[in-house]
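Numbered from 1 within each chain, the chains take letters A, B, ... in sequence-line order.
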Amino acid sequence: GENVEQHPSTLSVQEGDSAVIKCTYSDSASNYFPWYKQELGKRPQLIIDIRSNVGEKKDQRIAVTLNKTAKHFSLHITETQPEDSAVYFCAASNTGRRALTFGSGTRLQVQP
Amino acid sequence: DAEITQSPRHKITETGRQVTLACHQTWNHNNMFWYRQDLGHGLRLIHYSYGVHDTNKGEVSDGYSVSRSNTEDLPLTLESAASSQTSVYFCASSPAGTGPLEQYFGPGTRLTVT
């Protein structure tokens, strides 16, 4: 089955700096890669996703890149703000098996 | 507005008891999923369903069961609760269609087995 590894487990940045979270996956059939943000005590919220026919996708301060050959994808947050502090999860799935396999999460702390 | 709800939000039960967690969505989504979240493990798939009367096991299905009698509901049953099943449980749903689509999560149920 699919295995998703996520790094780093914790990340602390200064407000205004950029943050990068990286994930690798094992199943070459995976073709959908969402990123979720989870605040303490809340549900995971989808913030951005990318499909395997696209190499990069941006939405304001967040972007995701995908390297299918290397089987890795990354989340980039620019101009970080204190409200970006949360746990971020990457995940992978494919057309046949629509359930998500999640990484173990990255706790991002943005210091004001 | 369409939504996905879970009940109860918090539950304390004793070892060996049967427990059922409810999940209800009003989006008319075909796909529904149950995950559990434990510190250090992210979210792990318990069971999932692609439609009425369809159920499938996920990676951590032992000790859990689901049934899908209508589109809106996918209840999760712990047959005989164990302390290892203390966790936060999230239900999610996604629409049918070609290719994988966005999953939306319910608010979660915090279950404590004593």
Neighbour count >12 (heavy atoms, 6.0 Å) for atom [atom1], [X]:
X	atom1	answer
A:Glu79	CD	no
A:Leu46	CG	yes
A:Arg61	CZ	yes
A:Gln60	CD	no

Checking B:Leu43 against chain A: side chain, backbone, both or neither under 4.5 Å from a heavy atom? both
Same apolar cluster (I L V M F W Y, side chains within < 4.5 Å links), [X]/[Y]:
X	Y	result
B:Tyr89	B:Val19	yes
A:Leu75	A:Phe89	no
A:Phe102	B:Tyr64	no

Among the listed options B:Arg110, B:Gln103, B:Glu59, the residue most often paired with chain A at heavy-atom distances under 4.5 Å: B:Gln103
Side chain, backbone, both or neither: which part of A:Gln6 has an atom under 4.5 Å from a heavy atom of chain B? neither
Which answer fits A:Pro44, side chain, backbone, both or neither, if we ask what part of it has an atom under 4.5 Å from a heavy atom of chain B? both
Under 6.0 Å from the ring centre and within 45 degrees of the ring axis: does the NZ or CZ of A:Arg43 meet both conditions for the six-membered ring of B:Phe90? no
Within a strict 4.5 Å, meaning less than it, do heavy atoms of the B:Phe105 and A:Lys42 side chains meet? no
Do B:Tyr35 and A:Leu100 have side-chain heavy atoms sitting under 4.5 Å apart? yes
Check the pair B:Phe33 / A:Arg98 against side-chain contact (heavy atoms from CB on, under 4.5 Å), numbers first and verdict last. CA-CA 9 Å; B:Phe33 310 86; A:Arg98 282 152 264 176; 4.3 Å; yes
What distance separates B:Glu102 CD from A:Tyr36 OH, expressed to the nearest 0.5 Å? 8.0 Å
